[in-house]
Amino acid sequence: MSYPFAEIEKKWQEHWDKDQTFRTGEDFSKPKYYVLDMFPYPSGAGLHVGHPEGYTATDIVARKRRMQGFNVLHPMGWDAFGLPAERYAMQTGIHPAITTKQNIDNFRRQLKALGFSYDWSREIDTTSPDYYKFTQWIFLQFFNSWYDTERKKARPISELKVPAELQGKEREEFIAKHRLAYIANMPVNWCAELGTVLANEEVDEWVEKGYKVERRPMRQWMLRITAYAERLLTDLAELDWPQGTIELQKNWIGQSTGALVHFGIEGTHDKLTVFTTRPDTLYGVTFMVLAPEHPLVETLTAESRKAEVEAYRKATALKTDLDRQLDAAKKEKTGVMIGAHAIHPLTGEKIPLYIADYVLMGYGTGAIMAVPAHDERDFAFAQQFGIAVKQVVKAETGETELPFAGDGLAVNSPVFDGLKTPEAKTKIIAHLEKEKTGERRTQYKLRDWLFSRQRYWGEPVPISFDDEGSMVAEENLPLLLPESQNFQPSGTGESALANIPEWVNFERKGKKYRRETNTMPQWAGSSWYYLRFADPHNKERFASAEAEKYWLAGGVDLYVGGGEHAVLHLLYARFWHKLLYDLGYVTTKEPFKKLVHQGIILGEDGSKMSKSRGNVINPDTVVAEYGADTFRLYEMFMGPLEQMKPWSSKSIEGIYRFLARVYRLYLGEGQLNQKLLAAPSDEKATQKVLHQTIKKVSEDIETLSLNTAISQMMIFVNEAYRLESIGNEAAQTFIRLLAPFAPHLSEEIWSALGMQGSIAVASWPQHDAKYLVESDFEAVIQINGKIRGRTRLAMGISDADFESAARGVDTVQAALDGKSVKKVIVVKNKMINFVVA
RNA sequence: GCCGAAGUGGUGAAAUGGUAGACACGCCGCACUCAAAAUGCGGUGGGGGCAACCCCAUGUCGGUUCAAGUCCGACCUUCGGUACCA
């Protein structure tokens with residue numbers, strides 16, 4: 001049963017290494033193909049069987065492209081900054097750089113053992129100063145840019161028009177407010193035990209582990225991704241991405257159109273501005289709600305309500321996101337009246353103001369006009385607080401049950417009565433615009449990106465502050481992460497870097513400065529790594545202009561990685577790319593042309609692999625038992641790449657048997673099987689199955705239908721066993737088809753066949769349609785759509801001859817007997833259907 | 001709730017609107033063997049029939065069509081994402 005895979009695989013891996021078989025070509029006149037995997041975080045647990053799934057698929061494509069004569073860029077690297085290494089350091093005192101290096105070495109060893117055709121000379125590591133130099137450099141591009149909403153692009157901050165009356169500190173603040181990287185006091189998820197702020201997406205994970213997370217406003221670096229909301233949305237149209245991922249990004253960006261409406265406030269000159277998608281319900285407003293954090297709450301709250309309002313605001317601040325979600329699920333609304341009134345812009349009516357935590361400060365203007373008749377949430381609130389409900393839209397058909405949030409006809413809305421909802425919206429907006437009490441507005445759910453972390457193990461933010469608090473960008477990059485033995489956060493909300501005064505404080509040209517102690521989030525390094533691969537050793541630039549232009553032409557040709565990155569990583573990378581595009585550093589609008597997500601591989605029990613379930617499959621064990629080629633082939637044979645699928649140790653045996661069968665077919669008992677290579681026992685049959693296989697495998701690799709490509713190769717091998725002799729030509733052609741899938745075994749057979757050079761650079765076979773032409777076919781005869789007979793007929797038979805031949809078949813004759821044929825449908829060279837009464 | 005993906009043999013799965021279940025796993029049988037394993041060859045959706053054949057079958061119910069796993073409508077189930085976004 002065995003074939004000597006261990007020996008073969010070791011031999012060829014060493015050969016490829018020594019020979020630099022997969023070194024990327026530098027000839028920019030050749031057609032290029034850039035095929036990229038999402039680079040991994042090198043965790044201490046080592047490679048998971050899920051990693052090689054996508055990696056094998058891209059490797060197959062990369063290998064085929066090389067054989068087709070493309071200049072292929074197929075690199076690998078490490079997304080190596082991250083919290084686990086830092087936490088480990090806090091527990092053990094071992095520097096994260098040390099564990100990270102160990103983990104990388106282990107990952108690299110495991111990947112090499114799988115025979116991937118990466119150009120290891122281009123390996124990158126986000127924690128290397130040579131790399132994060134440019135992560136910091138790109139951060140400074142954000143810092144030194146502003147977004148010109150008229151030209152719809154980022155421009156250098158030096159081109160920002162600053163009002164002449166602003167001088168000194170005021171001028172500086174004006175500029176700071178326009179930077180695409182800016183500091184803001186933001187409510188963040190503070191975890192006292194970890195001594196750090198968590199990203200929204202991290203909160204649940206830590207709460208589950210029993211950590212306490214509360215919201216607390218802190219000084220944070222932000223990236224103004226919201227400036228790009230519209231472009232991030234519209235440019236999705238040109239991407240060859242899974243529809244689901246595009247939808248996810250659309251929802252995340254969350255565009256909605258409506259209007260801003262300005263309400264006056266009784267007894268003041270203040271304005272309360274709200275955003276609404278339903279300006280047509282303006283006459284139905286019976287109260288208004290501000291987010292508890294809304295700045296106007298301070299000034300508007302009546303003396304008599306102050307205590308209650310203050311208590312409510314405090315209670316809200318202590319609520320975690322989880323609490324809020326639970327409230328939302330219960331549909332219970334809380335809130336308090338603030339004792340002030342707005343003035344309705346159309347009717348002049350007095351409208352009571354409330355604060356309630358169902359209104360979020362982070363969306364729209366942080367305040368809403370409440371229309372209980374036509375909004376579920378407002379309705380629930382009105383019910384609880386005994387507020388009037390005023391219907392202003394009725395359903396076009398049937399009864400209108402309140403709350404009614406659908407489109408209909410306007411009622412109780414003086415001059416707008418009878419208008420359909422879309423028209424009512426337009427008319428009311430036009431009216432508001434004329435009266436200067438409102439305007440059309442497009443709003444996005446997307447928030448600015450909270451970009452600072454209170455961690456040691458991350459890229460330092462290259463900004464310093466002088467005594468007056470003025471910001472200075474570090475010119476001398478990289479700004480190195482200082483050595484440290486103390487990885488505990490300062491506990492004050494600053495990172496462990498704050499514990500290193502000799503790094504934090506410095507003097508330059510006689511002036512004293514203090515460095516920023518926040519570091520960047522893990523997303524930073526992964527937001528541009530695909531660019532670095534184009535020119536990974538460039539010391540001057542993130543990549544040379546020529547290399548970027550060549551390798552990124554049209555974007556990365558194929559990008560494969562987990563669906564869990566459908567939103568954040570892929571949105572952040574698109575955002576960074578667009579900034580670089582605006583500033584002229586990259587030549588395409590979008591970084592990733594075609595994207596595919598590999599499905600999750602489940603444990604044998606059909607549940608997610610996890611240590612606690614004990615259903616984890618370790619790639620090292622599988623490779624030791626069956627070899628890398630079997631591992632690769634099995635993961636591709638399991639099912640469609642994008643699909644979630646369970647591991648099966650039975651099925652992998654089947655794949656192993658297939659490869660052993662290939663080995664024996666060619667190499668018999670250790671030496672070349674001369675019988676196989678002898679003149680074909682059936683020339684026609686050999687050519688037919690061979691060219692079918694060339695066609696199917698070639699096409700299936702293009703669509704990443706790798707499971708069916710393998711099926712076809714199995715069919716070929718079964719046929720070769722049956723034929724016994726297929727001749728040298730067919731034998732070596734088939735091995736070239738197998739090579740991208742099972743590269744080690746293919747190299748071994750290739751060299752045994754006496755072929756020169758690595759099969760990795762052999763030419764990809766072309767199928768010849770003439771061998772696929774059949775002289776006859778099995779005709780299917782249906783009566784009323786049911787099969788009633790079959791017969792073999794010559795290809796190209798006329799419809800009339802087809803019909804008479806069909807009528808001649810016994811079973812058909814019997815079935816047609818005594819029935820009148822009303823219609824005959826012939827599908828050429830395939831089937832015939834008699835429609836009978 | 002909303003958005004997305006998917007429901008096909010005992011199992012993983014194939015199938016430009018035109019022969020449902022390719023290819024594998026498992027199982028059964030045969031050959032080789034003293035025997036077993038390995039290997040090779042054959043069979044294998046369910047039901048009926050000695051047989052030729054017949055009936056049923058792609059989550060459910062309808063529809064379009066000469067013809068539906070595939071297209072359309074409603075529903076059920078599972079998985080993933082998201083959620084007081086005004």
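Computed from a prediction, not measured in an experiment: that's the story for all the values here. We use all heavy atoms of the structure for the numbers below, so side chains are in, but hydrogens, waters and symmetry mates are not. Proteins come first, then strands; the chains are lettered A, B, ... in the order of their sequence lines, and each starts at number 1.
Distances shorter than 4.0 Å separate none of the side-chain N or O atoms of A:Asn829 from OP1 or OP2 on B:G18. Proximity of A:Arg788 to the phosphate of B:A67: no side-chain N or O atom is located under 4.0 Å from OP1 or OP2. Contact annotation: A:Arg792 does not reach the phosphate of B:U19 (side-chain N/O to OP1 or OP2, under 4.0 Å). Not one side-chain nitrogen or oxygen of A:Lys645 sits closer than 4.0 Å to the OP1 or OP2 atom of B:C79. For A:Arg664 and B:A38, the shortest distance from a side-chain N or O to OP1 or OP2 is not below 4.0 Å. Put simply, A:Gln643 has a side-chain N or O that comes within less than 4.0 Å of OP1 or OP2 on B:A13.
For A:Lys333 against B:C84, a side-chain N or O and a base N or O form a donor-acceptor pair under 3.5 Å. For B:U39, its base never sits under 3.5 Å from the side chain of A:Arg661 at any donor and acceptor pair.
More than 90° away from 0 lies the glycosidic angle of B:G81, which makes this nucleotide anti.
Nucleic acid contact for A:Gly364: none, since no nucleic acid atom lies under 4.0 Å from a heavy atom of the residue. Heavy atoms of A:Ser256 sit under 4.0 angstrom from primed sugar atoms or phosphate atoms, though from no base atom. As judged by a 4.0 angstrom heavy-atom cut-off over every strand, A:Val359 is placed among the base-contacting residues. Among the protein residues, A:Thr277 comes within range of the sugar-phosphate backbone only, with heavy atoms under 4.0 Å from sugar or phosphate atoms but none that close to a base. Counting non-hydrogen atoms under 4.0 angstrom, A:Glu778 reaches a base of the nucleic acid. When heavy atoms are screened at a 4.0 angstrom cut-off, A:Pro640 is found touching the sugar-phosphate backbone but no base atom. At a threshold of 4.0 angstrom between heavy atoms, the contacts of A:Met369 with the nucleic acid are absent.
Ring planes of A:Phe287 and A:Phe381: parallel class, angle under 30° (limits at 30 and 60°). Ring pair A:Tyr572/A:Trp449 is parallel by interplanar angle, where below 30° counts as parallel and above 60° as perpendicular. Using the six-membered ring where Trp is involved, A:Phe716 and A:Phe734 have ring planes that are parallel, under 30° apart on the 30 and 60° scheme.
Nearest nucleotide to the A:Phe637 side chain, out of B:C41, B:C23, B:A13: B:C23. Residue A:Asn707 has its side chain nearest to B:A14 when only B:C66, B:G26, B:A14 are considered. If you check B:C84, B:C23, B:C54 against the side chain of A:Tyr358, the one that comes closest is B:C84. The side chain of A:Glu247 sits closest to B:G4 out of B:U39, B:G4, B:C53. In the set B:C25, B:U16, B:C3, B:C3 carries the atom at the smallest distance from any side-chain atom of A:Asn251. Side-chain proximity of A:Lys830 to the nucleotides B:A22, B:A67, B:U16 is greatest for B:U16. In the set B:A24, B:G18, B:C53, B:A24 carries the atom at the smallest distance from any side-chain atom of A:Asn718. Considering only the side chain of A:Tyr721, B:G40 comes nearest among B:A67, B:A20, B:G40. Candidate nucleotides B:A86, B:U19, B:C66 were compared by shortest atom distance to the side chain of A:Val835, and B:C66 ranks first. When distances run from any side-chain atom of A:Arg790 to the nucleotides B:A86, B:C25, B:U19, the shortest one goes to B:U19.
Taking atom CG of A:Leu602 as the reference point, atom C1' of B:U78 lies 13 Å away to the nearest angstrom. Distance A:Met831 CE to B:A68 P: 11 Å, rounded to the nearest Å. One atom, CG of A:Leu272, and another, P of B:A86, lie 17 Å apart when rounded to the nearest Å. Taking atom OH of A:Tyr363 as the reference point, atom P of B:A86 lies 4 Å away to the nearest angstrom. Atom NZ in A:Lys823 sits roughly 5 Å away from atom P in B:C66 (whole-Å rounding). Taking atom CG on A:Asn784 and atom C1' on B:A68, their separation rounds to 16 Å, with Å as the unit. The CD1 atom of A:Ile655 sits 14 Å away from the P atom of B:A13 (whole-angstrom rounding). Atoms CG (A:Asp700) and P (B:U16) sit 11 Å apart, rounded to a whole Å.
Remark: the separation of the P atoms in B:G40 and B:G45 is 22 Å, to the nearest Å. With both ends at atom C1', the span from B:U19 to B:A57 equals 15 Å, rounded to whole Å. Taking the C1' atoms as reference points, B:G4 lies 30 Å from B:U65, given to the whole Å. Across B:C53 and B:C32, the matching C1' atoms stand 38 Å from one another, rounded to whole Å. When the C1' atom is used for both B:A68 and B:U8, the distance is 14 Å, rounded to whole Å. Taking the P atom of each, B:G46 and B:G21 are spaced 14 Å apart, rounded to whole Å. The gap from the P atom of B:A74 to that of B:A14 amounts to 28 Å, rounded to the nearest Å. Separating the C1' atom of B:G73 from that of B:C23 is a span of 36 Å, rounded to the nearest Å.
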Legend entry - Residues A:Tyr656, A:Glu625; criterion side-chain contact (heavy atoms from CB on, under 4.5 Å); working and verdict: CA-CA 10 Å; A:Tyr656 180 81; A:Glu625 194 170 350; over 6 Å; no
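Across all strands shown, B:C79 forms a Watson-Crick or G-U wobble pair with B:G4, both key distances being under 3.5 Å.
When the nearest nucleotides of RNA chain B are assigned to A:Thr276 and A:Gly785 by heavy-atom distance, the more 5′-ward of the two goes with A:Gly785. Both A:Asp357 and A:Met714 sit near RNA chain B, but only A:Met714 has its closest nucleotide nearer the 5' end.
Other residues, nucleotides and ligands contribute more than 12 heavy atoms inside 6.0 Å of the CD atom of A:Glu702. Other residues, nucleotides and ligands contribute over 12 non-hydrogen atoms within 6.0 Å of the NZ atom of A:Lys645. In this structure, A:Lys390 places its NZ atom where more than 12 heavy-atom neighbours from other residues, nucleotides or ligands lie under 6.0 Å away.
None of A:Ile351, A:Leu353, A:Thr273 except one satisfies the side-chain contact (heavy atoms from CB on, under 4.5 Å) rule with A:Phe263; the exception is A:Ile351.
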